[in-house]
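Each remark here refers to the structure printed beneath this line.
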Amino acid sequence: MNIRELAKALGLSTSTVSRALNGYQDVNAQTRQRVQDMANALGYRPDAGARRLVRGRADAIGIVYSAAVDNLGNPQFLEMASGLSDRLEQDHLDLLLAVAQHEGEWSMVERLFRGGRVDAVIVPNTFVQDERVEQLLEKGYPFVAYGRTSTHADYSWFDFDNERGSHLAVNHLLGLGHRRFAYVHAPLELNFASQRHVGFLAALRAAGLDCPLSYQVSGVNDRRGGLGAVARLLALEAPPTAIVVDNNLGGVGVIRGLMDAGIRVGADVSVVVHGDIPSDTLLPGMHVTTVSQATPYQSGQTMGDMLVRVLKHPEAGPYQVLRQPALIIGTSSSLCRN
DNA sequence: TGATCTTCACGGTCTTAGCT
DNA sequence: AGCTAAGACCGTGAAGATCA
């Protein structure tokens with residue numbers, strides 16, 4: 001069923017049918033109702049390809065992420081995508097999730113734009129130096145970055161105050177009497193990891209403390225990495241009394257590793273984790289102290305809102321939202337006993 | 001003259017007809 | 001067989017036509 005067949009069934013031109021279905025005011029109300037009724041009865045749906053061809057719009061937003069980053073294994077990512085999708089739906093925009101398996105992320109982004117498959121993209125997992133952001137700016141493609149980069153002045157982004165989050169974590173642990181810290185973090189090329197790392201070290205320095213390199217475990221952004229980090233830290237001559245982890249999945253791995261080693265988390269060692277612990281995580285009796293952000297669903301909705309504004313009112317941009325974190329105190333942190 | 005409807009051109013890709 | 005030109009596909013929107 002295409003518009004031509006629908007128009008023939010109604011005895012109208014295709015144009016009148018199109019205009020009736022698209023809310024043009026110069027179509028008689030009765031005609032409009034008749035067209036809508038017939039379209040419903042015959043199950044008419046406009047051909048998305050043809051519509052895209054004419055409008056020059058895809059009515060879709062894309063997120064391209066690398067298969068190397070385990071986003072789909074992170075419930076927070078899926079929750080964010082859900083919030084994003086819900087918000088976009090209000091403006092009749094679809095969300096297109098694409099995985100860059102072998103092809104580079106930027107290459108896929110460019111292919112989606114050139115093919116008219118998306119009107120704008122979300123740039124997830126931003127790097128300190130991010131080719132995707134630089135290329136998007138150069139080509140003039142609309143986007144919202146989920147996180148800043150080192151050059152964050154001239155484009156739209158949504159981010160958290162990561163440095164402040166680290167200050168909250170460190171100050172909380174300092175207040176509990178901890179002096180020997182370890183830091184477990186994602187690769188520092190990632191902007192959020194870089195900012196949290198800077199904040200962590202600055203907060204320690206402000207207290208006259210240091211975190212030697214042997215107490216810093218890099219490249220941890222999943223559960224397995226967290227387990228490995230614990231093995232390294234427990235092998236130290238003087239293991240840390242407090243561990244800060246800059247990402248939630250790594251944090252789950254660290255806590256699991258400590259528990260498996262027979263260490264009482266929150267009693268023998270205190271742990272603070274950036275980001276919320278996935279609700280399906282099996283850490284019985286454990287309420288993890290976290291540096292909490294807005295819920296991922298809310299973040300997704302906010303970015304959806306920003307994308308709509310980027311598309312409708314680009315001249316009023318760039319749109320930039322910096323959310324403040326809050327410390328949620330659980331049972332994984334307590335007074336230092338050493 | 002305003003309300004309502006139709007005609008026609010447009011876009012990129014694919015198929016088909018016609019030619020060498 | 002290989003190439004090129006023409007036309008179809010589909011929905012939209014500007015411009016034009018019709019009618020009361």
Side-chain angles (χ1 to χ4, degrees), chain A residues 1-67 81 84-123 131-144 155-156 303-317 319:
Chain A
M1 169 59 58
N2 57 33
I3 199 168
R4 200 160 297 181
E5 291 169 317
L6 178 60
K8 191 177 176 185
L10 286 156
L12 293 167
S13 70
T14 56
S15 184
T16 299
V17 171
S18 170
R19 300 170 76 79
L21 293 173
N22 286 289
Y24 279 67
Q25 292 308 303
D26 62 349
V27 176
N28 183 284
Q30 285 182 337
T31 304
R32 186 196 316 285
Q33 191 59 53
R34 200 162 65 86
V35 171
Q36 282 172 345
D37 289 346
M38 184 68 85
N40 290 336
L42 298 180
Y44 168 74
R45 291 280 182 284
D47 181 286
R51 180 176 248 173
R52 192 167 64 221
L53 196 62
V54 174
R55 288 182 166 176
R57 289 203 319 256
D59 288 335
I61 302 298
I63 300 183
V64 176
Y65 60 91
S66 167
L84 177 60
S85 180
D86 279 354
R87 173 60 188 86
L88 294 177
E89 201 175 294
Q90 293 172 20
D91 280 73
H92 310 290
L93 295 166
D94 294 329
L95 178 62
L96 181 70
L97 287 173
V99 183
Q101 187 80 24
H102 304 294
E103 181 178 14
E105 281 178 73
W106 165 246
S107 169
M108 180 171 272
V109 167
E110 189 167 42
R111 191 157 57 79
L112 290 177
F113 272 113
R114 285 194 171 181
R117 308 269 297 281
V118 297
D119 299 320
V121 292
I122 294 269
V123 181
E131 182 207 8
R132 298 165 300 174
V133 169
E134 288 164 15
Q135 294 276 14
L136 285 163
L137 284 171
E138 189 182 318
K139 306 274 182 185
Y141 291 139
F143 70 98
V144 170
Y155 58 86
S156 297
M303 278 190 284
D305 202 55
M306 293 169 75
L307 279 164
V308 169
R309 282 189 282 158
V310 162
L311 289 173
K312 288 187 175 173
H313 308 291
E315 74 288 346
Y319 303 98

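Residue numbers start from 1 in every chain, and the chains themselves are labelled A, B, ... in the order their sequence lines are given, proteins ahead of strands.
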Hey, are the side chains of A/Trp106 and A/Val64 touching, using non-hydrogen atoms and a 4.5 Å cut-off?
no
Are any non-hydrogen side-chain atoms of A/Leu21 and A/Leu6 less than 4.5 angstrom apart?
yes
So, is A/Tyr44 close to the C/dG11 phosphate, meaning a side-chain N or O under 4.0 Å from OP1 or OP2?
yes
With a 4.5 Å limit on heavy-atom distance, are the side chains of A/Val118 and A/Tyr141 in contact?
no
A side-chain contact here means heavy atoms from C-beta on lying under 4.5 Å apart; do A/Glu105 and A/Met108 qualify?
no
Over how many whole Å does the gap from A/Leu10 atom CG to B/dC5 atom P extend?
12 Å
Scan nucleotides 6-15 of chain B nucleotide by nucleotide, 5' to 3', and note B when protein non-hydrogen atoms come under 4.0 Å of the base, S if they reach only the sugar-phosphate, - if neither.
BB---BS---
Residue pair A/Glu110 / A/Lys139, side-chain heavy-atom distance below 4.5 Å
yes
Rounding to a whole Å, what distance do you find between A/Leu6:CG and C/dG11:P?
9 Å
A/Ile3 and A/Tyr44, any side-chain heavy atoms less than 4.5 Å apart
yes
Whole angstroms only, please: what is the CD1-C1' distance between A/Ile3 and C/dG11?
6 Å
